[in-house]
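Here is the structure we will look at.
Below, read A as the first sequence line, B as the second, and so on, with proteins coming before strands; counting in each chain starts at 1. The model shown is predicted, which means the values in this text are computed figures rather than measured ones.
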Protein chains: 2
Amino acid sequence: MKALSQVGKYGLRALLYLVAYPPENQYLSIRQISDDLGLSFHFVTKIFRELTEKGILLSYRGPSGGIALAKPAEEIMLIDVIKVLEGEDFFDKCLLGLPHCGSAKPCPVHEFWKEVKSQLQENFSNTSLALLGEKIRTQEVRLDE
Amino acid sequence: MKALSQVGKYGLRALLYLVAYPPENQYLSIRQISDDLGLSFHFVTKIFRELTEKGILLSYRGPSGGIALAKPAEEIMLIDVIKVLEGEDFFDKCLLGLPHCGSAKPCPVHEFWKEVKSQLQENFSNTSLALLGEKIRTQEVRLDE
DNA sequence: CATATTTAAGAGTATTTAATCTTAATTAGA
DNA sequence: TCTAATTAAGATTAAATACTCTTAAATATG
Ligand code: SF4
Ligand code: SF4
């Protein structure tokens, strides 16, 4: 089961790095993130540009430039990030992908797919980046290896 | 959230058609299924070949040939079909896709991803094709439109 | 045996996704 | 003002996925 695209995976990992290890100065360079996580610098740059456009990150060019959160990590929910990285319709995707479907005209697997999907959506909506960053800092969880 | 590939979606729909509307004679032709569901005949043929190789379908060439279930629909679970169509590792896929990970060295979203995944896996394991076929026949659910 | 029907096999094409590369723009600091 | 550091933008390439097409093999029936 493939839940996130490469854009989603890399983007989320890179973003969580920033949240977990915020820099002393205002901006953290993309190079440091991509090097530390072993991701392609250019690919991460492209992904971050999207997050910047959509108001989740701020960016600054030039020496000692980089990226930073546009809002406090407490106010950014996982679902906001996912919707930028995977598209607004992320939670509309279906198992059989029939046209015109939904609860009124369900397909054979609608019943439990609906449950699975809403459970995931709820978790994404209730999880802030701040919470995940804290888990990473306390080494309860990890971002690489 | 993209759960199934096109192979998985088309394959499952076509297979459920056979289960729900089994032919009087021994075999049902792929042409009838693909035409009825509006799917590519060649694509469905390719998918069915795989299901035949893996022992879920029987096939027979020549006039009045076609495909048939290799076992009673009661004995084929959704998860068996999914594992053929999407690969044995379908339920090993991850949100962040870190190497060497699992419950011992979890990533930040492991906790709820694990839950979501096992809920889906359980549903797939407990659902037989016979059950879904019956739902379709009684028009509780549908395969097209 | 000849023909029509049907699946098998695999080559070929198109589209989407993933990743890389090049150049431009911005900015700090010597 | 010059240089180095950094993101922005977009062109390009690579790989995976999704089909499509052609030919072969099997088989029923007249
Ligand atoms: S009926 Fe439900 S599960 Fe099935 S394709 Fe539609 S929305 Fe998805
Ligand atoms: S830690 Fe869990 S959710 Fe995260 S990538 Fe590994 S198996 Fe997937």
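Applying a 4.0 Å cut-off to non-hydrogen atoms, none of the residues of residues 84-97 of chain A approaches DNA chain D. Contact check of residues 6-22 of chain B against DNA chain D (heavy atom, cut-off under 4.0 Å) returns Q6(B), Y10(B).
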List, one per line, each side-chain donor-acceptor pair under 3.5 Å for residues 32-39 of chain B, sequence neighbours excluded.
residue: Q32(B); atom: NE2; partner: Y17(B); partner atom: OH; Å: 3.4
residue: S34(B); atom: OG; partner: I30(B); partner atom: O; Å: 3.2
residue: S34(B); atom: OG; partner: R31(B); partner atom: O; Å: 3.2
residue: D36(B); atom: OD2; partner: Y17(B); partner atom: OH; Å: 2.7

Would you list the atom pairs, donor with acceptor, under 3.5 Å between side chains in residues 76-90 of chain B and any protein atom, with sequence neighbours excluded?
residue: D80(B); atom: OD2; partner: M77(B); partner atom: N; Å: 3.0
residue: E86(B); atom: OE2; partner: S5(B); partner atom: N; Å: 2.9
residue: E86(B); atom: OE2; partner: S5(B); partner atom: OG; Å: 2.9
residue: E86(B); atom: OE2; partner: G8(B); partner atom: N; Å: 3.4

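Side-chain N/O atoms of S59(A) include none lying less than 4.0 angstrom from OP1 or OP2 on dT6(D).
A 4.5 Å side-chain heavy-atom check between L96(B) and H110(B) finds every atom pair outside the cut-off. Considering only heavy atoms from C-beta on, I67(B) stays 4.5 Å or farther from L58(B) through its side chain. Using a 4.5 Å heavy-atom threshold, the side chains of L98(A) and R142(B) count as touching. With a 4.5 Å cut-off on side-chain heavy atoms, P108(A) and L16(B) count as touching.
Residues satisfying the salt bridge (charged side-chain N to carboxylate O under 4.0 Å, His left out) criterion with E134(A), sequence neighbours excluded, are R137(A). Qualifying side chain to side chain donor-acceptor pair (under 3.5 Å) partners for E111(B), counting only residues two or more places apart in sequence or in other chains: K135(A). Partners of K46(B) under the side-chain contact (heavy atoms from CB on, under 4.5 Å) rule, at least two apart in sequence or in another chain, are R49(B).
Going from atom CZ of F48(A) over to atom P of dA9(D) covers 16 Å, rounded to whole Å. Across the protein-nucleic acid pair, F41(A) atom CZ and dA5(D) atom P stand 13 Å apart, rounded to whole Å. Regarding I47(A), its CD1 atom lies at a distance of 15 Å from the C1' atom of dA8(D), rounded to whole Å.
The ring-ring contact (aromatic ring centres under 6.0 Å, His included) contacts involving residues 57-78 of chain B comprise Y27(B)-Y60(B), where partners must be two or more places apart or lie in separate chains. Contacts classified as salt bridge (charged side-chain N to carboxylate O under 4.0 Å, His left out) and involving residues 53-73 of chain B (residues at least two apart or in different chains) are given here: E50(B)-K54(B). Among residues at least two apart or in separate chains, ring-ring contact (aromatic ring centres under 6.0 Å, His included) pairs with a member in residues 117-145 of chain B are F112(A)-F124(B), F91(B)-F124(B).
Each of S29(B) and L4(A) has a nearest nucleotide on DNA chain C; the 5'-most of these lies closest to S29(B).
Of all nucleotides in DNA chain C, those with any atom nearer than 4.0 Å to a heavy atom of chain B start and finish, going 5' to 3', at dA4(C) to dA11(C).
Looking at R49(A), its side chain comes within 3.5 Å of the base of dA9(D) through a donor and an acceptor atom.
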Checklist outcome for this item: Letter by letter from the 5' end, nucleotides 20-30 of chain D scores (B base, S sugar-phosphate only, - none; protein heavy atoms under 4.0 Å) BBB--BBBB--
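Atoms CD1 and CG, from I56(B) and L15(B) in turn, are 7.0 Å apart once rounded to the nearest 0.5 Å.
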